[in-house]
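Okay, so here's the structure we're looking at.
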Amino acid sequence: MSRKARLFELMVKREKIELRRKSEALNTLLSDYDTMQNLDEKLVKMLRENHPKQGPQSVYALKSKAWYGREMARQQEFTSNRLEFLGQEIITNRNLLAQNKHKERIILDRALQERKTALIENEDRAEKSRPPRAHNGRS
């Protein structure tokens with residue numbers, strides 16, 4: 001195998017490692033997105049259910065209800081912002097992953113081409129180094 005072919009093969013291996021690393025990062029982002037989405041849905045549901053009770057209530061009950069309502073709204077705003085950020089990160093990582101796959105295919109094609117070229121050169125050298133065939137003169 002020629003030095004150039006070996007170099008391309010090493011580049012392919014490096015791209016595969018990079019591809020695996022980016023794929024794992026994307027899977028982590030998708031998992032975080034699902035978790036955040038579930039949390040956001042729960043918070044929205046809790047905010048809808050946070051209605052004041054009918055009838056007289058104590059000041060402390062009203063204050064408590066208001067504080068929990070504000071806290072849930074703050075947490076829901078955080079989760080929706082986080083979901084937006086994760087969505088953008090997922091799009092970016094998918095694009096990077098696609099670029100990496102394309103780059104890997106190009107390098108793999110070049111490695112295969114270089115390997116074929118090296119085999120042809122080796123066959124040509126072997127053919128030239130063979131002693132010439134003797135002709136009998138018979139037909």
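FYI, the numbering just counts along the sequence from 1.
Salt bridge status for E18 with R21: present, with a side-chain N to carboxylate O gap under 4.0 Å.
A single hydrophobic cluster is not seen to contain both L19 and F8; linkage of ILVMFWY side chains at heavy-atom distances under 4.5 Å, directly or through other members, places them apart. Hydrophobic clustering (side-chain heavy atoms under 4.5 Å, transitive across Ile, Leu, Val, Met, Phe, Trp, Tyr) groups L83 together with L30. Each of L108 and L97 belongs to its own hydrophobic cluster when Ile, Leu, Val, Met, Phe, Trp and Tyr are linked at side-chain heavy-atom distances under 4.5 angstrom. No single ILVMFWY cluster, assembled from side-chain heavy atoms under 4.5 Å apart, contains both L112 and I106. One hydrophobic cluster, built from ILVMFWY side chains closer than 4.5 Å, cannot hold both L96 and M11; they sit in different ones.
To the nearest 0.5 angstrom, N95 atom CG is 10.5 Å from L26 atom CG. Separating the CD1 atom in I107 from the CD atom in E114 is a distance of 13.5 Å, to the nearest 0.5 Å. Interatomic distance, Q113 CD to T117 OG1, rounded to the nearest 0.5 Å: 4.5 Å. Taking NZ from K16 and NZ from K13, the interatomic distance works out to 9.0 Å, rounded to the nearest 0.5 Å. Going from atom CG of L43 over to atom CZ of F78 covers 11.0 Å, rounded to the nearest 0.5 Å. Note that CG of N122 is 4.5 Å distant from CZ of R125, once rounded to the nearest 0.5 Å.
Listed by chain and number, the residues in a side-chain contact (heavy atoms from CB on, under 4.5 Å) with T28 are D32 (sequence neighbours excluded).
Minimum interatomic distance between R115 and A5 (heavy atoms only, all atoms of both residues): N-CB, 4.2 Å. Nearest heavy-atom pair, E15 versus N100, reported as atom, atom and distance to 0.1 Å: OE1-OD1, 2.7 Å.
The local environment of NZ in K22 is crowded, with over 12 non-hydrogen atoms from other residues, nucleotides or ligands closer than 6.0 Å. Heavy-atom neighbours of M72 CE from other residues, nucleotides or ligands within 6.0 Å: above the threshold of 12. No more than 12 heavy atoms of other residues, nucleotides or ligands shown are found within 6.0 angstrom of CD on E84.
Residue pairs that meet the side chain to side chain donor-acceptor pair (under 3.5 Å) test with at least one member in residues 34-44, sequence neighbours left out, are D40-Q76, D40-T79.
For the pair I120 and D124, the minimum side-chain heavy-atom distance is below 4.5 Å. Residues R3 and L7 have side chains not in contact (no heavy-atom distance under 4.5 Å, counting atoms from C-beta outward). Looking only at side-chain heavy atoms (C-beta outward), R82 and F85 come within less than 4.5 Å of each other.
Of the possible donor and acceptor atoms, none in the side chain of S31 sits under 3.5 Å from a partner among the backbone N and O of N27.
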